[in-house]
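Everything below concerns the one structure shown next.
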Amino acid sequence: MATVSLTPERFDEITEALKDVVDPELGVNVVDLGLIYDLGWDDENDALIISMTLTSAGCPLTDVIEEETAQALDGHCERFRINWVWMPPWGPERITDDGREMMRAIGFAI
């Protein structure tokens with residue numbers, strides 16, 4: 001499978017759509033948590049490839065995140081695949097400034 005980069009406009013569109021996907025444990029979207037590592041396009045299978053991680057490798061909620069991703073991308077792309085990535089491991093340094101604000105608003109000291 002060879003993936004190609006998305007155009008900057010398409011990257012921004014998909015990133016904005018993925019802000020509707022909320023980590024069920026932390027209550028902050030996956031983009032601002034820094035869980036999205038890369039977005040690409042698989043020309044061979046005509047599908048969006050989302051390289052993504054979770055806050056912990058043992059998270060039992062991958063199916064919830066996949067379902068929310070499907071809902072968020074409805075109307076933006078017909079097919080997608082999540083490529084679960086564990087290296088490098090996620091850390092709080094990946095959280096955006098907006099994500100930090102959201103986390104503080106719900107009581108996290110970050």
Checking side chain to side chain contact (heavy atoms under 4.5 Å, CB included) for the pair Met102/Asp32: CA distance, chi angles, key distance, verdict? CA-CA 9 Å; Met102 288 178 229; Asp32 286 314; 3.0 Å; yes
Show your working on side chain to side chain contact (heavy atoms under 4.5 Å, CB included) between Glu13 and Cys77 and close with a plain yes or no. CA-CA 10 Å; Glu13 173 193 351; Cys77 70; over 6 Å; no
Side chain to side chain contact (heavy atoms under 4.5 Å, CB included) for Thr96 and Val31? Distances and angles first, verdict last. CA-CA 8 Å; Thr96 67; Val31 173; 5.7 Å; no
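One finds the CH2 atom of Trp41 at 13.5 Å from the OG atom of Ser5 (value rounded to the nearest 0.5 Å). Remark: Leu39 CG to Ser51 OG distance equals 8.0 Å, nearest 0.5 Å. Between atom OH of residue Tyr37 and atom CD1 of residue Ile50 there is a gap of 15.0 Å, rounded to the nearest 0.5 Å. Distance check: Asp20 CG to Leu73 CG gives 9.5 Å after rounding to the nearest 0.5 Å. In this structure, Leu48 CG and Thr69 OG1 are separated by 9.5 Å, a value rounded to the nearest 0.5 Å. In this structure, CG on Leu26 lies 7.0 Å from CD1 on Ile106, to the nearest 0.5 angstrom.
With contacts defined as side-chain heavy-atom distances shorter than 4.5 Å, the pair Met103/Leu33 qualifies. Side-chain atoms of Pro88 and Trp90, non-hydrogen and from C-beta on, never get closer than 4.5 Å to each other. Taking 4.5 Å as the limit, some side-chain heavy atom of Glu66 sits within range of a side-chain heavy atom of Ile82. The shortest side-chain heavy-atom distance between Pro24 and Ile65 falls under the 4.5 Å cut-off.
Ionic pairing of Glu101 and Arg104 is not present here: no N-O contact between side-chain nitrogen and carboxylate oxygen is shorter than 4.0 angstrom.
Within 6.0 Å of CG on Asp97 lie no more than 12 heavy atoms contributed by other residues, nucleotides or ligands.
Tracing side-chain contacts under 4.5 Å through hydrophobic residues (I, L, V, M, F, W, Y), one reaches Leu6 starting from Met52; they form part of the same cluster. Side-chain heavy atoms closer than 4.5 Å link hydrophobic residues (I, L, V, M, F, W, Y) into clusters, and following such links, possibly through other members, connects Leu18 to Phe11. Linking Ile, Leu, Val, Met, Phe, Trp and Tyr whenever their side-chain heavy atoms come within less than 4.5 Å leaves Val30 and Val64 in two separate clusters. Ile36 and Ile14 fall within a single hydrophobic cluster, where Ile, Leu, Val, Met, Phe, Trp and Tyr side chains are chained together by heavy-atom contacts under 4.5 Å.
Not one N or O on the side chain of Arg94 forms a donor-acceptor pair closer than 3.5 Å with the backbone of Leu35.
Annotation for Met87 and Val85: closest pair O-CG1, 3.2 Å, computed over non-hydrogen atoms. Between Ala72 and Ala17 the shortest heavy-atom distance is CB-O, 3.3 Å.
Under the rule for a side-chain contact (heavy atoms from CB on, under 4.5 Å), the partners of Glu25 that lie at least two apart in sequence or sit in another chain are Asp23, Thr55, Cys59, Leu61.
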